[in-house]
There are 2 protein chains.
Amino acid sequence: MKPVKISEAVVRRLPLYLQVLNDLHKRDVQTVSSQELGNKLDLNPAQIRKDLAYFGDFGRKGIGYDVTYLIEKIRQILKLDQPLFVALVGAGNLGRALSNYTTYLKDNMKITAIFDANPSIIGTQINSLTVQPIDALKETVIALNIRIGIITVPAVEAQSVADRFVEAGIEGILNFAPTVLRVPDDIRIHYADFTTELLSLAYYLDKEGNEENEPAMD
Amino acid sequence: MKPVKISEAVVRRLPLYLQVLNDLHKRDVQTVSSQELGNKLDLNPAQIRKDLAYFGDFGRKGIGYDVTYLIEKIRQILKLDQPLFVALVGAGNLGRALSNYTTYLKDNMKITAIFDANPSIIGTQINSLTVQPIDALKETVIALNIRIGIITVPAVEAQSVADRFVEAGIEGILNFAPTVLRVPDDIRIHYADFTTELLSLAYYLDKEGNEENEPAMD
DNA sequence: TAGATTGTTAATCGATTAACAATC
DNA sequence: TAGATTGTTAATCGATTAACAATC
């Protein structure tokens with residue numbers, strides 16, 4: 001019916017819309033315009049309207065978008081209207097941090113298994129989950145109907161974890177390790193490597209350090 | 001001399017190049033072609049050549065790029081040829097994880113101050129740094145010549161931390177909280193919100209859960 | 001009715017890719 | 001010299017934005 005290909009840029013903005021909408025909902029706001037959404041997210045209103053229109057006519061001319069309805073619709077689009085189970089490999093600091101974070105996500109995503117290679121970590125509890133050995137990955141992923149895998153191991157181990165995820169039939173991977181992963185085309189990979197963001201941030205700093213004062217512009 | 005504006009897309013790829021180059025360097029590879037880099041990063045070789053050519057003629061026709069030289073050049077471009085000091089606010093799980101991570105970064109970036117609002121965390125040690133009260137932020141940032149701030153506090157507190165960073169004269173912010181921040185135009189903000197990545201990942205999963213088997217394609 | 005705001009088309013803008021002369 | 005690969009221009013592709021008729 002809708003043969004139009006949705007671009008990645010559009011899909012990546014949907015969670016941002018959801019973020020703001022959830023906030024508005026919490027504050028009992030009933031209706032929001034693309035204008036207001038654009039203000040809050042620093043995005044062009046036309047872009048927001050166009051993004052949403054790819055998926056249906058969710059707004060009302062002259063009125064705007066119903067907050068509750070739009071939340072429901074975006075959840076559906078993102079397939080978050082059903083519980084989605086996630087496995088995490090790498091129970092180090094970052095892994096533990098994410099385990100806490102994502103538990104709080106009310107967005108139907110839940111980490112239901114944690115794995116690690118380190119014998120001294122295996123068997124410990126994180127958020128009521130027992131850390132399992134990596135060898136248990138495939139069996140557990142299948143048994144718990146886990147569809148997304150998070151990788152928080154060092155870069156050198158990331159590919160072998162990805163291989164295990166693929167073998168276990170996972171459909172998507174969120175990789176925190178600073179390395180590009182090789183997986184079959186039908187597996188989706190998103191990268192969450194903050195070192196990239198941090199290093200590129202440095203580019204935008206003012207010139208040569210701030211020991212020297214920059215001359216004023218006027 | 002070079003009045004060409006460099007796009008964000010280009011700058012964000014530079015750390016990726018650095019990643020692969022560092023790896024090649026470790027394995028004593030002397031020279032690399034745009035073709036090989038493209039293979040490793042899943043990028044078009046022409047794009048890589050074009051990206052690099054914005055900043056100078058770093059390659060040799062018929063040969064490729066000298067690994068060591070290119071690393072040095074990209075470091076210069078990213079202004080990582082000098083030490084760059086970073087402050088972190090939010091000494092929770094994520095903050096602790098990042099403190100460890102970034103310490104290992106040999107790329108001249110170093111977290112040199114950690115802050116938190118929680119009295120029971122203030123005064124504790126993380127990686128030989130003592131967690132300081134937020135009220136000490138401005139003074140410390142100035143004293144230690146800190147130019148980048150990392151925010152790892154809950155979303156509701158993120159804006160007030162950003163305001164403090166701005167007031168302290170920070171030049172760039174890496175925000176892990178899932179919220180858009182308002183800062184003056186001359187302050188650069190990068191977002192490292194993995195919830196966005198995780199939620200958008202769900203969009204690409206196969207249809208309606210995997211209880212039902214999908215019909216095979218052939 | 002008048003004001004507001006959507007959905008959508010057309011125009012603009014920007015980024016990626018192909019192609020190739022230059023040259024190591 | 002022949003093969004390889006850069007730097008760069010031109011062509012293509014895709015994404016953003018402006019504008020406006022439709023309509024609540």
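Below, chains carry the letters A, B, ... as their sequence lines are ordered, and counting in each starts from 1.
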Trainee: Nearest to the side chain of A:Tyr65, heavy atoms from C-beta on, is which of C:dT6, C:dA18, C:dT8?
Mentor: C:dT6
Trainee: Checking base pairs now: Watson-Crick or wobble, both atom distances under 3.5 Å. What partners C:dC13?
Mentor: D:dG14
Trainee: Please report, rounded to the nearest Å, how far the C1' atom of C:dA22 is from the CD1 atom of B:Ile63.
Mentor: 14 Å
Trainee: Once you round it to whole Å, what is the distance between P of D:dA15 and CG of A:Asn44?
Mentor: 15 Å
Trainee: Could you give the CD-to-C1' distance, from B:Glu8 to C:dA15, as a whole number of Å?
Mentor: 13 Å
Trainee: Give the rounded distance in Å between these two atoms: NZ of B:Lys5 and C1' of C:dC13.
Mentor: 17 Å
Trainee: Measure the shortest side-chain to side-chain distance between A:Asp193 and B:Gln19 over non-hydrogen atoms and say whether it is less than 4.5 angstrom.
Mentor: yes
Trainee: Using heavy-atom distances to pick each residue's nearest nucleotide on DNA chain D, tell me which of A:Asp51 and B:Arg60 is more 5'.
Mentor: B:Arg60
Trainee: Atom CG of B:Asp66 to atom P of C:dC24: distance rounded to whole Å?
Mentor: 16 Å
Trainee: Would you find a donor on one side and an acceptor on the other, under 3.5 Å apart, between the side chain of B:Ser34 and the backbone of B:Gly64?
Mentor: no
Trainee: Do B:Tyr203 and A:Ile6 have side-chain heavy atoms sitting under 4.5 Å apart?
Mentor: yes
Trainee: Please tell me which of the listed nucleotides, D:dT6, C:dT8, C:dT6, lies nearest to the side chain of B:Lys61?
Mentor: D:dT6
Trainee: Without decimals, in angstroms, what is the distance between A:Asp57 CG and D:dA22 P?
Mentor: 15 Å
Trainee: Mind checking the CG-CD1 spacing from A:Leu94 to A:Ile151? Nearest 0.5 Å is all I need.
Mentor: 12.0 Å
Trainee: Could you tell me the separation between the CD atom of B:Gln47 and the P atom of D:dT5, rounded to a whole number of Å?
Mentor: 19 Å
Trainee: Can you measure B:Ile6 atom CD1 to C:dG14 atom P for me and round it to whole angstrom units?
Mentor: 14 Å
Trainee: Is D:dA21 paired to anything, Watson-Crick or G-U wobble with both distances less than 3.5 Å, and if yes, which nucleotide?
Mentor: C:dT6
Trainee: Do any side-chain nitrogens or oxygens of B:Ser7 fall under 4.0 Å of OP1 or OP2 in C:dA15?
Mentor: yes
Trainee: Kindly compute the distance separating CG (B:Leu88) from OG1 (B:Thr112), expressed to the nearest 0.5 Å.
Mentor: 10.5 Å
Trainee: With a non-hydrogen cut-off below 4.0 angstrom, is A:Arg49 in contact with a base, only sugar-phosphate, or nothing?
Mentor: base
Trainee: Of the nucleotides D:dG7, D:dT16, C:dT6, which has the atom closest to the A:Ser34 side chain?
Mentor: C:dT6
